[in-house]
Amino acid sequence: MNKNQESTTAHPSTEDEAGYEAQMQEGQTLFDASDYLSAEQAFTRALEASRSRYGEHHQAVLNAYFWIGQSQMQAEKYTEAESVFRTRLPIAQSLYGESHYEVATAWHMIGRACLSDSRFSEAEASFEKSLAVFKSLEIEGGQDEMLALKILGFCQLRAGKNAEAEKHFRQELAIAESLYGNAHQEVADAWNLLGQSQLGSGNNSEAETSFRKSVDLFEGLHSEPHPHVMAAWRWLGHSQRNSGKHADAETSSKKWLSLGRSLHGADHEEVADAWLCLGRSQTELGKYIEAEASLRNALTRAEAVDGKESISVCTSLGFLGESQLKAGKHADAEATFIQRLALSTALYGEGHSLVGDALNMLGRAQQGAGKQAQAIDSFEKALAVYRVACGENSRPTLWAWSWLGSSQDAAGRNAAAEASFMKQLSVAQALYGENHDEVLNAWHNLGRLQLRGGRTTESEASFKKVLTIAEVCYEIGRA
């Protein structure tokens, strides 16, 4: 793991030895200059010289393989790098046995190659072996174990194994604090990673506490705008928004935005994301004028950074339209969702669930504007997409039946509305059983429709179902 590691064994001065040293020095110079392809070639020549002089099993061979693999990693040739590191591993094992720093390093580098190639299961297995070797060396609690825990946890975080990641980040944090005290970059970073694992597990309150510690530490370490401070504010805002603390999230997003603009200028993905999250928080706070301005800024930045036909632009259009819809600006929302639908279809194809989402939101805007015929058409198209892309008994399909029924009801198409609400009920029961909010909502829709149609007996039965479910879900009427 140390880029300066070299053999301490003295060797006779020979042509091969001189060639090895010269090629290693040339490779290092090229590597430091970021010319990784040329560096790989120089290190390969060093490997050939060392194998000619010493055979396959020697520290010089290990060194050459290490730097060939490192050069390939920097050049994003991850499969080739993994192959080199796997070739290096048995040489280290034959030279030093299973419990040695070189063996731990070999497993670590295999893991990094797999992680960079998004092969999380293989990466995790390699990092676990690296960590086990470090522990067997009886040097627990040191920088190497801390790094092994950090990279293992990060691998698990990327794989969605948040509970396992949290365990390893807590261990990393304890070592970092024992090595450096409480005010250190490694400690701040450990708090940030711990928060990410907690956020992934849905433990938003714990995540907010961890991110707050990370923010405080990073700000104490950096008096000038710094990427780590910016990232800490970003993660803190995410946890606050997930907890429904939108005023706090708005403050954090403003901090994130200010730092992003200082570090990167106006047109950068960090700035676009910050505008987007700021606008989402302002929408939830009912600050619709400010929200629309923020979300339009997010849209402009996304177009500048990624192009007008990009996923980030599609995402920005979606949140802008939702904000306009909540503000009651149905015509503006309809226009925005028409743009989003066209872009979603171009990006994902007509049968993708995100196209269903775009159709569903378009229908809601049309419904709000009183355009029930157009809304019904949009909801029917969304439903057709969801039934194929998500399945008959899925949450998107459930909600599409509900929205379709509400527009049919508003258009006076009572029989069609009742059929839609019955489908809503059936899907909700299949997903959640009898006692659930979604089932209650379906019975409520049916009851209201039946009551307006003068079918009081059926309506009464439906509302009794609503009351029964409410008693179970909310303990209404219980002593």
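When atom types are taken as modelled, the side chain of Ser378 and the backbone of Asn360 share no donor-acceptor pair closer than 3.5 angstrom. Of the possible donor and acceptor atoms, one in the side chain of Ser239 sits under 3.5 Å from a partner among the backbone N and O of Leu236. A donor-acceptor pair under 3.5 Å is formed between the side chain of Ser126 and the backbone N or O of Glu122. For the pair Ser420 (side chain) and Ala416 (backbone), a donor-acceptor distance under 3.5 Å is present. A distance-only check finds no donor-acceptor pair linking the side chain of Thr397 to the backbone of Asn393 [under 3.5 Å]. Between the side chain of Asp306 and the backbone N or O of Ser312, no donor-acceptor pair lies under 3.5 Å. A donor-acceptor pair under 3.5 Å links the side-chain atoms of Ser462 to the main chain of Glu458, judged by distance alone. No side-chain donor-acceptor contact under 3.5 Å links Tyr36 to the backbone of Gln70.
Around the NZ atom of Lys381, the shell of radius 6.0 Å holds no more than 12 heavy atoms that belong to other residues, nucleotides or ligands. Lys77 NZ: more than 12 foreign heavy atoms inside a 6.0 Å radius. Atom CZ of Arg448 has 12 or fewer neighbouring heavy atoms from other residues, nucleotides or ligands inside a 6.0 Å radius. Residue-environment remark: CD (Glu309) stays at or below the threshold of 12 foreign heavy atoms within 6.0 Å.
Atom CG of residue Leu320 and atom CD of residue Glu322 lie 10.0 Å apart, to the nearest 0.5 angstrom. Atoms CG and CG, from Leu341 and Leu317 in turn, are 11.0 Å apart once rounded to the nearest 0.5 Å. Remark: Cys277 SG to Trp233 CH2 distance equals 14.5 Å, nearest 0.5 Å.
Nearest heavy-atom pair across Ala382 and Gly356 is CB-O, 3.5 Å.
The side chain to side chain donor-acceptor pair (under 3.5 Å) test with Lys287 singles out one residue from Gln282, Glu250, Glu292, and that residue is Glu250. A side chain to side chain donor-acceptor pair (under 3.5 Å) with Glu270 is found for exactly one of Arg261, Arg301, His264, Arg234, namely Arg234.
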